[in-house]
J.: 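This is the structure, below, for whatever I ask next.
Heavy-atom basis, side chains included; hydrogens, waters and symmetry copies ignored.
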Amino acid sequence: MALWDHLKELKNRLIKSAVGVVIGGIGGWILYDPLLKALADPVNRISQQTGGLSAINFGTIASPFDFKLQMSLLIGVVISSPIWIYQLWAFITPGLTSKERRYTLGYMAAAVPLFLAGIWAGWLVVPQVVRALTQFTPDGSSSVIDARTYIEFVTRMVLVLGIAFLVPVVLVGINMAGVISGQTILKAWRITVFLVFVLAAIAAPGADAISMFMLAGPLLVLFFAAIGICLMNDKRRERRQAKRMAETEASADIATPGSELKNL
């Protein structure tokens, strides 16, 4: 395919992805009010605890509109993730072999639900994080949070957990590529468990440890499941290499003059 055809194909894929994001953004515009109410609820409850003012602040006249537009587009990106991820896959597949296409399709089939599950987990823990961090507001004081700062905080929290759920897929991918073995990943299980619990403690710093374990549990299950897949793939690779070496040696013996007499 010529360069111009590649650029034309890329343009078509980008347009389809943008249409998907816009359609998802329309859904985000509709869902904005209930989602904002859920996000603002932990902040609004601070006033009941401290007796002071607590609210999300819009600093300019256009801030409410900008905030709603940003939130709608963010929700649209999440809702339309299967569309733009598929468009990305469809753009790169013409240059892949049939085997590589099956691999990438399998990664996509695992990555999309895992990413959405991480987004959902982030959505569940964000109110707890806000509640835990704002509970240090002194009695009688006010906590007025800028809307733009608040949306950036929520976005980071949600995306971090969404990406964290993709780590097992990445580990399996680099193992399939032969970059790292399952045994090497398994040797780092202690530091990985420690990092998972640190992330869970940051994302769910409630007074009890139940929320932390509820968040760390799925991450650990995904991590060790990825290790199991990597170990099984290593064994298959070793069997294929052993079989290939045996066939090569057999072919060499047949091709070597006098090898049959030596064997006798």
Side-chain angles (χ1 to χ4, degrees), residues 1 5-41 56 58 62-96 100-130 147-173 199 203 215 218-219 222 226:
M1 185 182 294
D5 294 331
H6 278 293
L7 295 176
K8 186 177 180 180
E9 177 72 11
L10 177 61
K11 183 189 72 172
N12 294 333
R13 297 298 177 185
L14 289 176
I15 292 175
K16 293 178 181 178
S17 300
V19 171
V21 172
V22 170
I23 295 175
I26 296 174
W29 189 276
I30 298 172
L31 296 173
Y32 170 79
D33 290 330
L35 291 179
L36 180 62
K37 183 179 179 181
L39 288 175
D41 184 63
I56 296 178
F58 296 97
S63 291
F65 175 77
D66 292 340
F67 187 79
K68 186 172 185 177
L69 185 62
Q70 291 178 21
M71 282 287 293
S72 301
L73 290 177
L74 176 63
I75 298 170
V77 170
V78 174
I79 294 176
S80 64
S81 58
I83 297 176
W84 53 262
I85 291 177
Y86 170 77
Q87 295 301 324
L88 175 62
W89 177 81
F91 176 72
I92 64 176
T93 47
L96 302 177
E100 290 172 338
R101 291 179 186 178
R102 290 196 299 269
Y103 280 145
T104 55
L105 184 60
Y107 295 147
M108 278 185 52
V112 171
L114 284 177
F115 177 71
L116 294 178
I119 294 293
W120 175 250
W123 171 257
L124 293 179
V125 302
V126 160
Q128 300 182 27
V129 174
V130 174
R148 187 177 299 275
T149 302
Y150 191 66
I151 188 60
E152 289 176 356
F153 171 79
V154 172
T155 302
R156 282 197 301 267
M157 286 294 303
V158 170
L159 290 180
V160 163
L161 286 174
I163 294 172
F165 273 62
L166 290 178
V167 172
V169 179
V170 176
L171 291 177
V172 173
L199 175 63
L215 180 60
L219 291 174
L222 291 173

J.: Write down the atom of L222, the atom of F165, and the distance for their closest heavy-atom approach.
T.: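 The answer is CD1-CD2, 3.7 Å.
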J.: Looking at W84 and V77, would you say the former's side chain and the latter's main chain have a donor-acceptor pair under 3.5 Å?
T.: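 Indeed, once roles are kept as given, a pair shorter than 3.5 Å links the two residues.
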J.: Taking ring-ring contact (aromatic ring centres under 6.0 Å, His included) as the definition, give me every residue that meets it alongside F67, ordered by chain and number, with sequence neighbours left out.
T.: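 Listed in chain order: F58.
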J.: Run D33 and K37 through side chain to side chain contact (heavy atoms under 4.5 Å, CB included) and show every step you take.
T.: CA-CA 6 Å; D33 290 330; K37 183 179 179 181; over 6 Å; no
J.: Return the minimal non-hydrogen interatomic distance between V78 and L116, and the atom names on each side.
T.: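 Shortest heavy-atom contact: O-CD2, 3.7 Å.
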J.: Could you measure the distance from the CD1 atom of I26 to the OG atom of S80? Nearest 0.5 Å is fine.
T.: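 Output value for this atom pair is 11.5 Å.
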J.: Pair up each side-chain donor or acceptor in residues 68-75 with any protein partner under 3.5 Å, not counting sequence neighbours, and list the distances.
T.:
residue, atom, partner, partner atom, Å
S72, OG, W29, N, 3.4
S72, OG, K68, O, 2.7

J.: Could you pull out the closest heavy-atom pair between I79 and G24, with the gap in Å?
T.: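 Minimum heavy-atom separation between I79 and G24: CD1-O, 3.9 Å.
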